[in-house]
Q: 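Mind having a look at this structure? Questions to follow.
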Amino acid sequence: MASWSEFAADEPRLADEIRLLMQQYGPGFGYLATVRADGGPRVHPVSPVFTADGLWCFVIDSPKRRDLERDGRYALHSFPPEESDDEAYVAGRARAVTDPATVARLARIGRASPQGDWRLFEFTVEVAMLTRRDPVAQPGAAPPQVRVWLDPHGGASARPDPLVAEGCRGRHGFDTRRPAA
């Protein structure tokens, strides 16, 4: 899986637009989906932290944290803007960060309370998606603009689309300019 910085290096404009949508109300706000032990989804609001070298999240002692520790799969979705139905989404694997210097640096950046019972996780990126909708268009008048990035090393989901001409592929073989199916 790609780190946030690897994704941002590959698709800087898409990464920047996703980050801005996640940070539209301040330092970061989104919905974190995890996988419960029984396989079902669990969704909670979180405050992701974006830096040049990663996408991070402090998670308090909770069922959501135990989900990440046990399984690691996550999806992070932006909070809806007031003026549109635009949305951003990233998904991949979370890994607990134990390096004290990294934890201390991110705690300062993310303003994490030192008294909190939280753990820092880094979120890798397997899929990133941005959907833009025209806020003044009549319903059904114009389809949303959807851009999708898939980690080129992410396994089966990252196989090149045989329907996309070679000349239309991005740096890693994926057409990030086509609408999602």
Q: What I want to find out is whether D16 reaches R13 closely enough, with some N-O distance under 4.0 Å, to be called a salt bridge.
A: no
Q: Measuring from L32:CG to H77:NE2, what's the distance to the nearest 0.5 Å?
A: 12.5 Å
Q: Considering all heavy atoms of both residues, which atom of E122 and which atom of G54 are nearest to each other, and what is their separation?
A: OE2-CA, 4.4 Å
Q: Using a 4.5 Å cut-off on heavy atoms from C-beta on, say whether the side chain of F7 contacts that of L14.
A: yes
Q: Assign the ring pair F50 / W4 to parallel, tilted or perpendicular, where the plane angle (0 to 90°) is split at 30° and 60°.
A: perpendicular
Q: Between R36 and D71, is there a side-chain N and carboxylate O pair less than 4.0 Å apart?
A: no
Q: Taking the side chain as everything from C-beta on, heavy atoms only, tell me whether F123 gets closer than 4.5 Å to V90.
A: no
Q: Got a second to check how far L68's CG is from R66's CZ, nearest 0.5 Å?
A: 11.0 Å
Q: Between E11 and R147, does any side-chain N to carboxylate O distance fall below 4.0 Å?
A: no
Q: With the threshold set at 4.0 Å, does a side-chain nitrogen-carboxylate oxygen contact exist between E17 and R132?
A: yes
Q: Parallel, tilted or perpendicular: which one describes the rings of Y31 and F79, with boundaries at 30° and 60°?
A: tilted
Q: For the side chain to side chain contact (heavy atoms under 4.5 Å, CB included) test, which of L120, V46, L76 pairs with C57?
A: V46
Q: Start with the C-alpha distance between R73 and D67, add both sets of side-chain angles, then the distance that settles salt bridge (Lys or Arg N to Asp or Glu O under 4.0 Å), and finish with yes or no.
A: CA-CA 8 Å; R73 289 180 292 169; D67 292 345; over 6 Å; no
Q: How many angstroms lie between CZ in R93 and OG1 in T124, if you round to the nearest 0.5 Å?
A: 8.0 Å
Q: How long is the straight-line distance from OG of S62 back to CG of D117, given to the nearest 0.5 Å?
A: 9.5 Å
Q: Looking only at heavy atoms, what is the nearest atom pair of P152 and W149, with distance?
A: CD-CZ2, 3.8 Å
Q: What heavy-atom pair brings G30 and P48 nearest, and what distance separates the two atoms?
A: N-CD, 4.0 Å
Q: Which atom names give the shortest non-hydrogen contact between A9 and P12, and what distance separates them?
A: O-CD, 3.8 Å
